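Here's the structure, in structure tokens; my notes come after.
Letters A, B, ... are given to chains in the order of the sequence lines, protein chains preceding strands, and every chain is numbered from 1. Given the structure is predicted, the values throughout are model-derived calculations rather than measurements.
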Amino acid sequence: MLDESTVSLLFKGLGETVYMTFVSGFFGFLLGLPVGIVLFLTRKGQLLENRSYNRSLSVLVNVFRSIPFIILIVWLIPFTRAMVGTSIGVNAALVPLSIGSAPFIARLVENSLLEVPAGLVETARALGAGPIQVTRKVLLPEALPSLINNASITLITLVGYSAMGGAVGAGGLGQVGYQYGYVGYNAFIMNTVLILLIALVFLIQFLGDRLSKKFNHR
Amino acid sequence: MIAIKNISKTFRQEKKVFKALDDVSLEIEQGDIVGIIGFSGAGKSTLIRSVNLLEKPDEGQIIVNGKDLAKLSSSELAKERKKIGMIFQHFNLLSSRTVFDNVALPLELDNAGKAEISKKVNELLKVVGLEDKANEYPKSLSGGQKQRVAIARALANDPYLLLCDEATSALDPVTTQSILQLLKDINQRLGITILLITHEMDVIKAICNHVAVIDKGRLVVKGSLEEVLSDREHPIIKQFSISKTVNIPQSISSTLKREPEAGLFPLVEVELNGNILFEKLLSVIYSDYKIPYKLITADVEYLGKASFGKLLLHLQGSPVENEKAIRYFNKNNIQNTIKGYA
Ligand SMILES: Nc1ncnc2c1ncn2[C@@H]1O[C@H](COP(=O)(O)OP(=O)(O)OP(=O)(O)O)[C@@H](O)[C@H]1O
Ligand SMILES: [Mg+2]
């Protein structure tokens with residue numbers, strides 16, 4: 001049952017899932033973090049209060065958040081092809097995963113920043129700090145524990161998304177489960193995939209909690 | 001040095017319009033410790049935040065060393081703000097930074113070098129007496145220690161003015177005194193002008209030499225500490241100065257009767273409003289009227305040549321004699337109330 005080819009199949013799937021989760025998480029943050037910061041800073045009463053910017057950005061984020069992920073994958077196919085040259089495989093999956101998680105991350109970042117006491121921003125302003133300094137020196141460091149928690153949530157969501165992508169040829173544990181489970185029912189592989197996914201989620205949550213706690217001095 | 005000229009500020013929230021500051025003017029001289037006192041919601045925070053334009057007044061000017069702050073560009077304003085330190089009721093320390101790094105923040109904002117930062121921060125921590133806490137995080141400090149860190153941070157850019165927004169309101173009385181002493185020390189040693197706001201008269205009495213009273217967005221009285229305190233007619237000052245109640249000790253309160261009885265003597269609460277000296281009052285009762293008495297409690301302060309405060313006198317003369325004393329109080333406008341008989 002546990003022959004060599006099955007083991008390597010599962011390992012390869014796990015590796016691909018971890019790769020997709022973390023790399024797209026990284027790109028998702030690269031896109032979502034600045035958007036979240038701008039969403040926060042342009043809010044009413046904040047440093048760069050600007051109603052129209054905030055509104056437009058907010059609508060854009062909401063639009064992307066309303067697209068079901070499976071539709072987003074398909075809708076983005078032409079764009080994905082232009083970016084990575086193909087629409088199937090692990091690297092192709094990174095495109096919709098990053099773009100799909102970015103608006104989600106933006107909202108989470110905005111919420112993390114909202115938790116920073118307003119008095120701290122005010123103090124920095126009184127010290128003559130500009131918006132960029134306030135963001136770098138006050139907002140992000142003070143929100144760090146909460147940002148780490150939100151990163152765990154994001155990565156866990158991405159584990160799920162990447163499995164969904166597996167059904168349409170993205171690779172990873174999702175594809176393994178789909179092929180061996182749905183196409184030719186193999187209970188052993190199916191259950192192992194399940195256990196591996198659960199273990200991955202638990203591990204991310206565990207490490208995220210540890211890291212967040214480490215940086216929390218409140 | 002600092003002139004607040006006719007500033008007004010109106011807050012609009014949906015349909016509500018609220019005038020938080022109404023034509024406020026105040027001049028602050030170099031080296032002064034100026035206190036602004038007012039009830040909650042009077043506009044104190046709005047006023048002090050206007051000085052470094054954290055709150056932009058709708059009208060009026062803030063003139064600092066001849067410069068109109070509202071006319072400056074945002075980078076020029078940032079530069080001016082660096083020379084105005086500010087401390088807050090809730091300290092506002094960054095929880096993510098150690099004590100050392102909190103004090104270093106203003107220097108980092110100026111891109112100071114590591115060696116320079118380290119030298120300056122250690123110096124400042126010595127001033128506030130926290131050298132040994134440099135590597136602690138704020139969460140492990142007491143309120144008083146946190147405020148000391150905040151003071152060190154506020155001093156990092158060598159300001160000429162320190163704004164204190166209810167800096168001691170979250171502290172117990174003993175810690176409050178030590179922080180006030182530190183502020184006074186900073187004022188005297190470093191020559192830093194201080195503008196503080198508070199709702200406690202004790203804070204004002206402890207360190208201010210100039211006082212203004214703010215009520216409903218208007219400065220209703222201003223002057224030197226003695227001038228303001230002796231303006232007893234003003235209802236607001238009255239409320240602030242004599243709001244403390246005198247506690248009747250339990251040994252007396254347990255036997256206190258509401259109505260006079262044979263063998264019981266009146267317990268009188270007397271208020272000193274600066275119109276008679278404490279010693280004078282006692283000598284009148286004892287030497288002039290020859291009435292024996294017990295001084296139960298006295299909470300008296302001397303400001304210049306006047307006494308302020310409250311005392312609890314247990315008059316122990318005959319009913320006729322005691323009546324004479326009360327009449328003397330009334331004739332000389334010395335407020336008194338009979339708390340009961342014991
Ligand atoms: N941003 C704001 N928007 C609307 N109203 C405000 C705002 N800031 C202050 N106010 C109102 O202005 C008035 C004065 O507020 P301020 O904070 O200056 O009072 P304060 O004297 O400092 O009171 P406290 O002793 O409670 O701190 C209050 O009635 C308050 O509700
Ligand atoms: Mg206030």
Side-chain angles (χ1 to χ4, degrees), chain A residues 33 36-37 40-51 53 55 109 111-151 208-218, chain B residues 11 13 45 48-49 51-55 72-99 101-111 135-141 149-150 153-157 159 161-166:
Chain A
L33 187 68
I37 292 172
F40 172 80
L41 289 177
T42 54
R43 279 178 81 106
K44 192 170 157 40
Q46 299 300 339
L47 282 175
L48 302 174
E49 179 174 340
N50 187 318
R51 208 181 142 83
Y53 275 156
R55 272 292 166 84
V109 167
N111 270 315
S112 292
L113 298 183
L114 276 171
E115 288 166 23
V116 176
L120 298 184
V121 175
E122 177 139 314
T123 305
R125 282 177 66 209
L127 289 170
I132 294 176
Q133 284 184 318
V134 170
T135 307
R136 267 190 44 213
K137 299 275 181 188
V138 177
L139 287 172
L140 292 178
E142 285 296 306
L144 189 61
S146 158
L147 286 171
I148 292 172
N149 281 333
N150 285 332
D209 287 349
R210 283 281 293 269
L211 211 57
S212 163
K213 218 175 197 168
K214 183 172 159 224
F215 286 106
N216 193 350
H217 299 290
R218 244 180 247 189
Chain B
F11 288 113
Q13 272 184 333
S45 296
I48 202 162
R49 289 157 42 85
V51 175
N52 56 0
L53 291 197
L54 286 178
E55 200 77 75
L72 301 179
S73 69
S74 63
S75 67
E76 286 172 320
L77 177 60
K79 220 163 133 196
E80 286 302 319
R81 279 181 177 159
K82 287 177 185 182
K83 292 288 164 196
I84 303 177
M86 191 165 191
I87 57 174
F88 305 84
Q89 177 173 2
H90 298 296
F91 325 124
N92 294 357
L93 299 178
L94 300 191
S95 69
S96 56
R97 285 175 172 243
T98 60
V99 166
D101 289 335
N102 263 288
V103 180
L105 177 67
L107 304 165
E108 281 177 31
L109 295 176
D110 264 349
N111 298 317
N135 296 318
E136 309 258 346
Y137 282 92
K139 78 162 174 216
S140 62
L141 301 182
V149 177
R153 176 176 65 186
L155 297 179
N157 282 326
L161 171 66
L162 185 61
L163 305 173
C164 312
D165 185 348
E166 303 261 10

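Interface remark: A/P117 contributes no atoms to any contact with chain B (heavy atom separation under 4.5 Å). When heavy atoms are compared at a cutoff of 4.5 Å, B/L77 does not approach chain A at all. Of the two parts of B/I84, only the backbone, made up of N, CA, C and O, holds a non-hydrogen atom closer than 4.5 Å to a non-hydrogen atom of chain A. B/I87 does not touch chain A: none of its heavy atoms, backbone or side chain, sits under 4.5 Å away.
Heavy atoms of other residues, nucleotides or ligands lying less than 6.0 angstrom from OH of A/Y53 number 12 at most.
The nearest pair of heavy atoms linking B/A78 to A/G128 is CB-O, 3.4 Å. Closest approach of B/L54 and A/A126 over heavy atoms only: CD2-N, 4.0 Å.
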Give the atom names and distances for all donor-acceptor pairs closer than 3.5 Å across chain A and chain B.
| residue | atom | partner | partner atom | Å |
| --- | --- | --- | --- | --- |
| A/G119 | O | B/N92 | ND2 | 3.1 |
| A/E122 | OE1 | B/R49 | NH1 | 2.6 |
| A/E122 | OE2 | B/R49 | NH1 | 2.0 |
| A/T123 | OG1 | B/N92 | ND2 | 3.0 |
| A/Q133 | NE2 | B/L109 | O | 2.8 |
| A/K137 | NZ | B/E108 | OE1 | 2.8 |
| A/E142 | OE1 | B/S95 | N | 3.3 |
| A/E142 | OE1 | B/S95 | OG | 2.8 |
| A/E142 | OE2 | B/S95 | N | 2.9 |
| A/E142 | OE2 | B/S96 | N | 2.8 |
| A/E142 | OE2 | B/S96 | OG | 2.6 |
| A/H217 | NE2 | B/Y137 | OH | 3.3 |

